[in-house]
Novice: 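Before we start, here is the structure in question, set down as structure tokens.
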Amino acid sequence: METLFVTGGAGFIGANFVLDWIRETGGRVVTLDQLTYAGNRHNLDDVADDPRHVFIHGDIRDRALVDATFARYRPDAVVHFAAESHVDRSIHGPAAFIETNVVGTFTLLEAARAYWMGCGASERARFRFLHVSTDEVYGSLGAHEPPFTERSPYAPNSPYAASKAASDHWVRAYHHTYGLPTVTTNCSNNFGPYQFPEKLIPLVICNGLKGEALPVYGDGQNVRDWLYVGDHCEALRVVLERGRVGETYNIGGDCERSNLAVVHTVCALLDELRPHAAIGDRRALVRFVSDRPGHDRRYAIDAGKIRAELGWRPRETFEGAMKKTVAWYLAHEDWVAGVISGEYRDWVERHYQRERAGL
Ligand code: NAD
Ligand code: DAU
């Protein structure tokens with residue numbers, strides 16, 4: 001039975017990945033997550049009672065804890081999602097991005113290297129360190145430039161992108177210098193269930209439901225390449241199974257949309273699925289607000305390498321996946337309410353109260 005050591009598994013993509021992995025494979029997952037504001041223990045409720053899932057509350061910078069996790073569970077692979085992930089937060093408080101994305105990745109690499117060096121020959125040959133990264137490391141594209149390939153030069157523009165670029169370089173160096181069997185993926189914008197409503201799509205869903213303003217930065221013509229999170233999770237499984245060691249793979253939806261077009265799509269779906277006479281046409285809720293400093297104009301991914309080498313391509317269409325996503329948020333208003341009120345964070349306090357009481 002294969003065991004994965006997943007960091008950041010209580011966040012958006014990490015939780016989708018853990019739930020998919022447990023559902024789709026016979027494997028076991030050990031999740032390590034610090035439960036920052038972006039981590040929500042309830043995202044993993046579906047596997048709370050599954051003996052194949054272990055949850056550890058902790059920080060990837062805690063070397064002793066990471067070492068102990070390797071030693072106890074002897075994973076076949078690390079899937080590294082844990083990160084500070086929001087560009088706007090990185091503009092207001094970049095230090096946390098150095099801490100988790102750079103120092104945290106370094107700590108994890110050091111612990112993985114020590115563990116891997118101590119493994120027997122067959123464990124060593126099987127082991128993988130999958131680093132989950134972003135297309136933002138490549139910077140911004142002009143309107144007519146071709147999409148990013150794995151050979152595009154790094155040109156990170158935000159503190160978030162710079163911290164992810166640094167982590168990619170550390171991963172690369174650990175492969176080249178020490179032979180650690182790493183693989184890096186650089187993915188475009190994800191959407192789907194469990195995404196924290198600070199990001200564009202869940203923010204627009206949550207505000208639109210209540211009839212509140214929909215803030216669109218600048219002229220709304222910035223372009224992102226959207227991918228349904230389930231397709232990303234499948235791509236990661238394929239890379240774990242068949243990806244070549246030391247390589248990087250770009251993952252994208254081949255689905256470029258302007259932000260305004262995305263917001264209008266969400267509005268139309270909300271109007272269809274949850275019409276509200278007093279709110280009316282939700283497109284009227286759009287408000288153009290000050291632009292994000294240093295706002296990248298366009299991202300687009302050429303996913304030709306993963307398609308040709310590993311046979312992966314997205315299954316979902318943008319429209320179909322967006323309808324599923326809006327429907328998920330409508331069906332999980334408790335989750336949304338818990339996130340907005342901050343109630344989800346009480347898990348940590350309740351958990352440690354129980355532990356202190358010896359329950
Ligand atoms: P997220 O912000 O939703 O989740 C991050 C998770 O990491 C949270 O559960 C948080 O508690 C945990 N975490 C943060 N700091 C930690 C620490 N020091 N120790 C342990 N856990 C910690 O992020 P996401 O959107 O799910 O992104 C996951 C990964 O995928 C990130 O590395 C991100 O850079 C990358 N990525 C995201 C997207 C996207 O569109 N969301 C696209 C490409 C790549
Ligand atoms: O490209 C991959 C990246 O996608 C990931 O690496 C990041 O972790 C993830 O957060 C995401 O970054 P973006 O900055 O592209 O995502 P965000 O949802 O914050 O914004 C999407 C676009 O929408 C961007 O052009 C900014 C704009 N925007 C965002 C918000 C929150 C708005 O116009 N209004 C908003 O309120």
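Counting starts at 1 for both ligands and their atoms, in listed order. Just so it is clear, the structure is predicted and the values come from calculations on it, not from any experiment.
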Novice: With atoms numbered from 1 as shown, which atoms in ligand 1 lie under 4.0 angstrom from a non-hydrogen atom of Leu35?
Specialist: 11 (O)

Novice: For ligand 1, which atoms, with element, lie under 4.0 Å from some heavy atom of Ser133?
Specialist: 43 (C), 44 (C)

Novice: I'd like to check whether Asn222 has a polar contact with ligand 2, where a contact means an N/O of the residue lying under 3.5 Å from an N/O of the ligand.
Specialist: no

Novice: Who's the nearest protein heavy-atom neighbour of atom 20 (O) of ligand 2, and how far?
Specialist: Arg292 NH2, 3.9 Å

Novice: Of the listed options (Tyr299, Tyr217, Trp226), which comes nearest to atom 35 (C) of ligand 2 when hydrogens are ignored and any heavy atom counts?
Specialist: Tyr217

Novice: In the structure I gave you, are the side-chain heavy atoms of Pro197 and Ile205 within less than 4.5 Å of one another anywhere?
Specialist: no

Novice: Would the number of heavy atoms belonging to other residues, nucleotides or ligands and lying under 6.0 Å from CZ of Arg151 be above 12?
Specialist: no

Novice: Among all the protein's non-hydrogen atoms, which is closest to atom 32 (O) of ligand 1, and how far away is it?
Specialist: Lys164 NZ, 2.6 Å

Novice: Taking atom NZ as the centre, does Lys199 end up with more than 12 heavy-atom neighbours from other residues, nucleotides or ligands that are less than 6.0 angstrom away?
Specialist: yes

Novice: Considering only non-hydrogen protein atoms, determine which one is nearest to atom 7 (C) of ligand 2 and report residue, atom name and distance to 0.1 Å.
Specialist: Ser85 O, 3.4 Å

Novice: Should Glu2 and Arg28 count as an ion pair when the cut-off is N to O under 4.0 Å?
Specialist: no

Novice: What atoms of ligand 1 come within less than 4.0 Å of a heavy atom belonging to Asn189?
Specialist: 40 (O)

Novice: So is Gly9 in contact with ligand 1, going by heavy-atom distances below 4.0 Å?
Specialist: no

Novice: Nearest to atom 11 (O) of ligand 1, what protein heavy atom do you find, and at what distance?
Specialist: Asp33 OD1, 2.6 Å

Novice: Could you tell me which atoms of ligand 2, counted from 1 in the order shown, lie closer than 4.0 angstrom to a heavy atom of Leu203?
Specialist: 36 (O)

Novice: Please state which protein non-hydrogen atom is closest to atom 36 (N) of ligand 1 and give its distance, to 0.1 Å?
Specialist: Ile13 CD1, 4.0 Å

Novice: Would Gly58 count as a contact residue for ligand 1, given that I'm defining contact as a non-hydrogen atom of the residue lying under 4.0 Å from a ligand atom?
Specialist: yes

Novice: Tell me which one of Thr100, Val103, Leu200 gets a heavy atom nearest to atom 15 (N) of ligand 1.
Specialist: Thr100

Novice: Answer yes if Tyr194 and Val204 sit in the same cluster of Ile, Leu, Val, Met, Phe, Trp and Tyr residues linked by side chain heavy atoms under 4.5 Å apart, and no otherwise.
Specialist: yes

Novice: Looking at atom 1 (P) of ligand 1, what's its closest protein heavy atom, distance included?
Specialist: Ser85 OG, 3.5 Å

Novice: Pro215 versus ligand 2: do any nitrogen or oxygen atoms come within less than 3.5 Å of each other?
Specialist: yes

Novice: Just to be sure I'm reading this right: ignoring hydrogens, which of Asn186, Ile60, Leu44, Asn190 gets closest to atom 19 (N) of ligand 1? Compare them by their nearest heavy atoms.
Specialist: Ile60

Novice: Regarding Arg113 and Glu110, does a basic nitrogen lie under 4.0 Å from an acidic carboxylate oxygen?
Specialist: yes

Novice: With only distance considered, is Tyr160 within less than 3.5 Å of ligand 2 through an N or O on each side?
Specialist: yes

Novice: Does some non-hydrogen atom of His295 fall short of 4.0 Å from ligand 2?
Specialist: yes

Novice: Starting from atom 25 (O) of ligand 1, what is the nearest protein heavy atom, named by residue and atom, and what distance separates them?
Specialist: Phe12 CD2, 3.7 Å

Novice: Taking the six-membered ring of Trp21, is the NZ or CZ of Arg237 close enough (under 6.0 Å from the centre) and on axis enough (within 45°)?
Specialist: no

Novice: Checking Arg292 against Tyr217: charged group under 6.0 Å from the ring centre and within 45 degrees of the axis?
Specialist: no

Novice: Nearest protein heavy atom to atom 31 (C) of ligand 2, by residue and atom, and its distance?
Specialist: Glu198 O, 3.2 Å

Novice: Counting heavy atoms only, which of Leu108, Thr36, Asn40, Thr185 comes nearest to atom 10 (C) of ligand 1?
Specialist: Thr36

Novice: Hey, are the side chains of Val289 and Val216 touching, using non-hydrogen atoms and a 4.5 Å cut-off?
Specialist: no

Novice: Starting from atom 1 (O) of ligand 2, which protein heavy atom do you reach first, and at what distance in Å?
Specialist: Asp135 OD1, 2.5 Å

Novice: Applying the side chain to side chain donor-acceptor pair (under 3.5 Å) criterion to His42, which one of Asp45, Asp46, Asn40 satisfies it?
Specialist: Asp45

Novice: Which atoms from ligand 1 have a heavy atom of Asp59 less than 4.0 Å away?
Specialist: 17 (C), 18 (N), 19 (N)

Novice: Pairing donors with acceptors under 3.5 angstrom, does anything connect the side chains of Glu309 and Tyr249?
Specialist: yes

Novice: Can you pull out the closest protein heavy atom to atom 18 (O) of ligand 2? Residue, atom name and distance to 0.1 Å, please.
Specialist: Leu200 N, 2.8 Å

Novice: For atom 21 (N) of ligand 1, what's the nearest protein heavy atom and its distance?
Specialist: Gln34 N, 3.0 Å

Novice: Going by the order shown, which atoms of ligand 1 are within less than 4.0 Å of some heavy atom of Phe81?
Specialist: 28 (C), 29 (C), 31 (C), 32 (O)

Novice: Nearest to atom 27 (C) of ligand 2, what protein heavy atom do you find, and at what distance?
Specialist: Asn259 ND2, 3.4 Å

Novice: Starting from atom 3 (C) of ligand 2, which protein heavy atom do you reach first, and at what distance in Å?
Specialist: Glu136 OE2, 3.0 Å

Novice: Give the contacting part of Lys199 toward ligand 2: side chain, backbone, both or neither, where contact means a heavy-atom distance below 4.0 Å.
Specialist: both

Novice: Between Ile301, Asn250, Thr248, Ile251, which is the residue that forms a side-chain contact (heavy atoms from CB on, under 4.5 Å) with Ile306?
Specialist: Ile251

Novice: Run down the list Asp88, Asn189, Val216 and name the one with the heavy atom closest to atom 15 (O) of ligand 2.
Specialist: Asn189

Novice: Within the structure provided, determine whether Phe106 and Tyr174 are in side-chain contact (heavy-atom separation under 4.5 Å).
Specialist: yes

Novice: Counting each atom of ligand 2 from 1 as listed, which ones have a heavy atom of Val87 under 4.0 Å away?
Specialist: 14 (O)

Novice: Tell me, please, whether Tyr160 has Arg89 positioned over its six-membered ring: NZ or CZ under 6.0 Å from the ring centre and within 45 degrees of its axis?
Specialist: no

Novice: May I ask you to identify the nearest protein heavy atom to atom 4 (O) of ligand 1, giving residue, atom name and distance to one decimal place in Å?
Specialist: Gly11 CA, 3.4 Å

Novice: Do Arg74 and Phe127 meet the cation-pi criteria used here (NZ or CZ under 6.0 Å from the six-membered ring centre, within 45° of the axis)?
Specialist: no

Novice: Does Ser188 reach ligand 1, in the sense of a heavy atom lying below 4.0 Å from it?
Specialist: yes

Novice: Hey, are the side chains of Asp254 and Leu227 touching, using non-hydrogen atoms and a 4.5 Å cut-off?
Specialist: no

Novice: Under a 4.0 angstrom heavy-atom cut-off, which atoms of ligand 2 come close to Thr134?
Specialist: 1 (O), 2 (C), 3 (C), 5 (C), 6 (O)

Novice: Should the pair Arg61-Glu99 be classified as a salt bridge under the 4.0 Å nitrogen-to-oxygen rule?
Specialist: yes

Novice: Between Glu333 and Lys210, does any NZ, NE, NH1 or NH2 come within less than 4.0 Å of an OD or OE carboxylate oxygen?
Specialist: no

Novice: Would Ala10 count as a contact of ligand 1 if the rule is a heavy atom under 4.0 Å away?
Specialist: yes

Novice: What atoms of ligand 1 come closer than 4.0 angstrom to any heavy atom of Val132?
Specialist: 30 (O), 32 (O)

Novice: Among side-chain atoms of Tyr329 and Arg274, is any donor-acceptor pair under 3.5 angstrom?
Specialist: no

Novice: Hey, are Asp33 and His57 close enough side-chain-wise for a donor-acceptor pair under 3.5 Å?
Specialist: no

Novice: Say whether Tyr160 and ligand 1 are in contact under the criterion: heavy-atom distance to a ligand atom below 4.0 Å.
Specialist: yes

Novice: Would Arg41 pass as a cation-pi partner of Phe55, given that its NZ or CZ must be under 6.0 Å from the six-membered ring centre and within 45 degrees of the axis?
Specialist: yes

Novice: Would Leu209 end up clustered with Val339 when hydrophobic side chains under 4.5 Å apart are linked, directly or stepwise?
Specialist: yes

Novice: Provide, to 0.1 Å, the distance between atom 5 (C) of ligand 1 and the closest protein heavy atom, together with that atom's residue and name.
Specialist: Ala83 O, 3.4 Å

